[in-house]
Amino acid sequence: MMLSTACFGQASNQTLTIWVIPSEQFSPAESLRGKDIRPKIEEFNRRLEGTRVRVLNTEEPLAQKLTSWNPEFSVPNGSIVLGQQRTVEALQSFARDHKVNIQVRFVTWDEAFDLLNSSRNPDHLPDVAQIGSTWAAYFARQHLIQPHPDWQNHRGHWRDVGSTPASALPYTSDVRLLFYWKRLPTEAPDAPEFHLNASSWESIVNSIRASPSAGDTLVLPTGRTLNLLHDYILLSRAGGGEFLTRGWLGPRVDLTSHKASFVPEFLARNARAEPIPGEPRRFVTFPESGHEEVVQFFVNGGYRATLEPANFVDRWHRDFVERWPHERHFWDYASAVVPPVTFKGGSELVVLKTPRDPTLAFALADFLASDPTNVLAQAGFLPAQIPGYGIDALVQPMSKFETTQEPQEFVKEVQKAMDQGQKYPDEDFWPVAIESKEALESLQRVWRRMGEGDVPAMRSAAKDAEWTINTRINWFYATVDRLARDWQIITCVFLVAVFVAAYLYIKRMRADRRLILLLQLDRAHRHDAGKFLGDNLTRLSARAKDETWPVAQVVRAVSEIGEHFTKKLVPHISDVASHQLHELQGKPSQVSLADVILKAFDGACFVFEAREMAAVKDINFMVGNLPEYRLNKFPFAAVVVFEEWLFNCVKDVYAYRRPNAIISAEVENRNICVYSPGRLDEDQLAILLAKPAAEKAVNSHQGLPLIRNILHYAYGIKAQVNWDDEKQATRFSVRLPIKKMGDQGK
């Protein structure tokens, strides 16, 4: 049950607007007697004239809905609204005492939440709202409700909702009971009694099974209402399961564990039996109908037992008295027990952030919670602010002519249900996720499979329902669900992202390698300069001093060095450096492999001559089959590599006085091989073959690290060095990306 109120206005013209869910019970048979609702509406409005209360449902445009059928109550809407006489009287009393005008709108549970949730215009919202107990946290998160104005000193029974203090007032309570016929209405008052053992769901089914009447069944309606959720949670908890839990990934519901599914699967297996071949009998039935339709059949004796809220007893009693006003006693036929596990729900009153006078709005809420006309208690809605929940007021009219203890037994059962009932947690997602249309539809499929007795299909439906709810309350499930539904798009996006990331990574790697290569080439040029700058002039000075050269001879020697620099070394270095810059800028040089090696040999000779101040002689350099090939990838970086190696070869020839030395270069199996006299020792070979990242500062053989590093960053390769016994020479081999001169492409 839900009630909401809104208030705006000041002084004598101040107005409170309330929305309230009908609390007064009515008989469907009685409501259907009126063939014309319109005259009754007009009469109802005439009685309100001169009072401070208006019923918005009986005024346009809402009055148009009064003639339509209400599926929740199985009566016309007009019968519901026009039956709320005592509620209107209570509001008239408050209006008189506080000199305030009240507008009331009666709404149903099916429409209440959507009406409150969809209206963001204060003019369309009520001031005070009776909401479902599971809705408070959601509306608090939406900042729609406000705390009591003096909550620190006079909070009364108002409870905190999240971070909003004293903002919800418990109004009505809802517990479920198993109502059953001790004697069917067709039986005599002294017929043997039927007793329902509700200690477990197994004992409940066995009680129905033991009944001699083959038509006895327990009915669990499966129409798509919130009762689908409440009833299923009862079954789930009865097996020891916990419907909602919180873990490190967040909240999740459990419908599939052994404990959660134990009772539903038991009912699926045992709801139907065939004691006699060809004569099946049903112990539990699951009609796809609402509770209102089911109870109409139940009160006629169509079912032996049903699961209903405690207030159903008032409806049942009035129907029974109408049928047998004097000759039968209600408690000789009716009884109720607490199911194995029950829940405790209900409604609460909240004040929305719309009234100009919140104090008056809170006063109205407190007034309604006091149940001034006893209408809630007598209708069985168990007002939360009344001692004993008003149960005595509920059963007192039913026990007026009774002499048995049955009414007090019923009171005990209701109190037991209130004591044992577990409240739903305050979760802001509850009404929009767990009570959502999609969640109820998925639960309805579970109920259908249960009724069919198809346990495997029911497990599958429970798994789907669990997933449907969890994707709405848990970020992890929502993410996985989105991935599962949009996997094609996500896969495409992922592949594009991987491609872009790979492209950027490769581009970055290439840029880094080119930068390092540029630094290595710059280091090579500085290394070349270090080979001769200073040493040659120092040696020249020392020799001139020792040999007492005349000034003219010294000048001539210095001039020769300068001429060597000007005509040979500097042009060579400038040409190589210029082409290297172009190569690193993406402008490939078209150079034959023979030109690369010859330019490297010339450079080695120029550096040696600048260092030693002597021409290179007695060395035969042969290029073999190199003219048949070309190298388009960083050819001038290769010039530096081979220049460094050939410089060491020339040094070795002169250091060890090798006359008529032969240095040759040729292509063997796509490898460029340089053969030269002399050997590398183990330390030198280790430097050449080490990884660039493992480079350490060395004091000698600086050309070998340059060869190694340039080969790595320019071509991603290592040099191979070994002794060739046949040629009696050291073989320096590198596998560069060379092409035949006639081949197309790079």
Side-chain angles (χ1 to χ4, degrees), residues 113 131-141 159-163 168 173-176 200-201 220 226-268 307 338-346 348 417-447 449-450 455 458-484:
F113 180 82
I131 62 174
S133 59
T134 56
W135 302 356
Y138 174 81
F139 286 125
R141 190 192 70 183
R159 72 177 185 90
D160 300 339
V161 181
S163 59
S173 301
D174 177 21
V175 290
R176 299 299 161 100
S200 68
W201 281 96
L220 296 174
L226 286 176
N227 290 301
L228 275 178
L229 174 67
H230 303 321
D231 294 348
Y232 196 87
I233 291 178
L234 294 186
L235 303 183
S236 177
R237 285 179 170 174
E242 192 62 43
F243 177 72
L244 181 68
T245 59
R246 277 190 174 272
W248 63 277
L249 287 176
R252 64 177 298 272
V253 300
D254 174 24
L255 301 177
T256 56
S257 68
H258 175 71
K259 291 182 178 180
S261 61
F262 180 79
V263 172
E265 290 186 11
F266 168 79
L267 292 179
L307 183 66
V338 181
V341 171
T342 187
F343 78 95
K344 183 163 59 178
E348 297 176 317
M418 293 294 295
D419 295 340
Q420 295 181 355
Q422 299 180 20
K423 290 184 177 180
Y424 292 146
D426 261 338
E427 297 287 359
D428 55 21
F429 54 74
W430 193 282
V432 293
I434 296 179
E435 295 180 357
S436 67
K437 175 183 175 182
E438 295 78 11
L440 294 179
E441 287 177 345
S442 62
L443 274 175
Q444 189 178 45
R445 288 191 286 272
V446 181
W447 281 101
R449 304 293 88 81
M450 192 190 310
V455 174
M458 191 186 76
R459 289 174 180 168
S460 178
K463 184 177 180 181
D464 292 341
E466 180 182 88
W467 184 264
T468 297
I469 298 174
N470 283 334
T471 56
R472 285 161 173 76
I473 66 175
N474 186 290
W475 66 268
F476 177 77
Y477 285 88
T479 302
V480 174
D481 182 66
R482 178 55 61 92
L483 291 174

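Just so we're clear, the structure is a prediction, and the values are computed from it rather than from any experiment.
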Trace of the side-chain contact (heavy atoms from CB on, under 4.5 Å) decision for F343 with I233: CA-CA 8 Å; F343 78 95; I233 291 178; 5.6 Å; no

What one should report as the nearest heavy-atom pair of P425 and L244 is CG-CD2, 3.6 Å

G162 backbone acceptor or donor facing D160 side chain under 3.5 Å: no

So, do V446 and M458 sit near enough that their side-chain heavy atoms are less than 4.5 Å apart? yes

Taking C-beta and beyond as the side chain, do Y477 and V253 meet within less than 4.5 Å on heavy atoms? no

Looking at OG1 of T471 and CZ of R482, how far apart are the two atoms once the value is rounded to the nearest 0.5 Å? 10.0 Å

Considering all heavy atoms of both residues, which atom of I473 and which atom of P251 are nearest to each other, and what is their separation? O-CG, 3.4 Å

Flag, side chain of S436 to backbone of A433, donor-acceptor distance under 3.5 Å: yes

Count the heavy atoms of every other residue, nucleotide or ligand shown that sit under 6.0 Å from CZ of F429, and state whether that count exceeds 12. yes

Flag the pair D464 and R449 as a salt bridge only when some basic side-chain nitrogen lies within less than 4.0 angstrom of an acidic carboxylate oxygen. no

Check whether any side-chain heavy atom of L307 sits under 4.5 Å from a side-chain heavy atom of P339, and report yes or no. yes

Would one find more than 12 heavy atoms of other residues, nucleotides or ligands at under 6.0 Å from atom NZ of K463? no

Which value, rounded to the nearest 0.5 Å, describes the distance between R445 atom CZ and T468 atom OG1? 6.5 Å

Scanning both residues in full, the closest heavy-atom pair of L255 with A465 reads CD1-CB, 3.8 Å

What verdict does the side-chain contact (heavy atoms from CB on, under 4.5 Å) test give for L229 and L443, after you've listed the backbone C-alpha separation in whole Å, the side-chain angles of each residue and the deciding distance to 0.1 Å? CA-CA 7 Å; L229 174 67; L443 274 175; 3.8 Å; yes

Minimal non-hydrogen separation, D231 against R176, with atom names: OD1-NH1, 3.2 Å

Side-chain (D428) to main-chain (A137) donor-acceptor, under 3.5 angstrom: no

Is any side-chain heavy atom of T245 closer than 4.5 Å to a side-chain heavy atom of R252? yes

Is the distance from the ring center of F266 to that of W201 below 6.0 Å? no

Is any side-chain heavy atom of K423 closer than 4.5 Å to one of S133? no

Side chains of F113 and V432, heavy atoms from C-beta outward: is any pair under 4.5 Å? yes

Sub-4.5 Å side-chain heavy-atom contact between L220 and L267: yes

Give, for atom CD of E466 and atom CG of D254, the distance between the pair rounded to the nearest 0.5 Å. 5.5 Å

Verdict with supporting geometry, M450 and L235, side-chain contact (heavy atoms from CB on, under 4.5 Å): CA-CA 12 Å; M450 192 190 310; L235 303 183; 4.2 Å; yes

One pair to check against side-chain contact (heavy atoms from CB on, under 4.5 Å): F476 and N470. What are the steps and the verdict? CA-CA 9 Å; F476 177 77; N470 283 334; over 6 Å; no

Measuring centre to centre across the rings, with the benzene-like ring taken for any Trp, is Y138 within less than 6.0 Å of W430? no

Could you label the plane-to-plane angle of the Y424 and H230 rings as parallel, tilted or perpendicular, counting under 30° as parallel and over 60° as perpendicular? parallel

Any salt bridge between K259 and E242, counting N to O under 4.0 Å? no

So do F139 and V161 actually touch side chain to side chain, heavy atoms under 4.5 Å? no

Work out which heavy atom in L440 is nearest to a heavy atom in E435; give both atom names and the distance. CD1-O, 4.0 Å

If I compare all heavy atoms of L249 with all of N474, which pair ends up nearest, and what's the gap? O-ND2, 3.1 Å

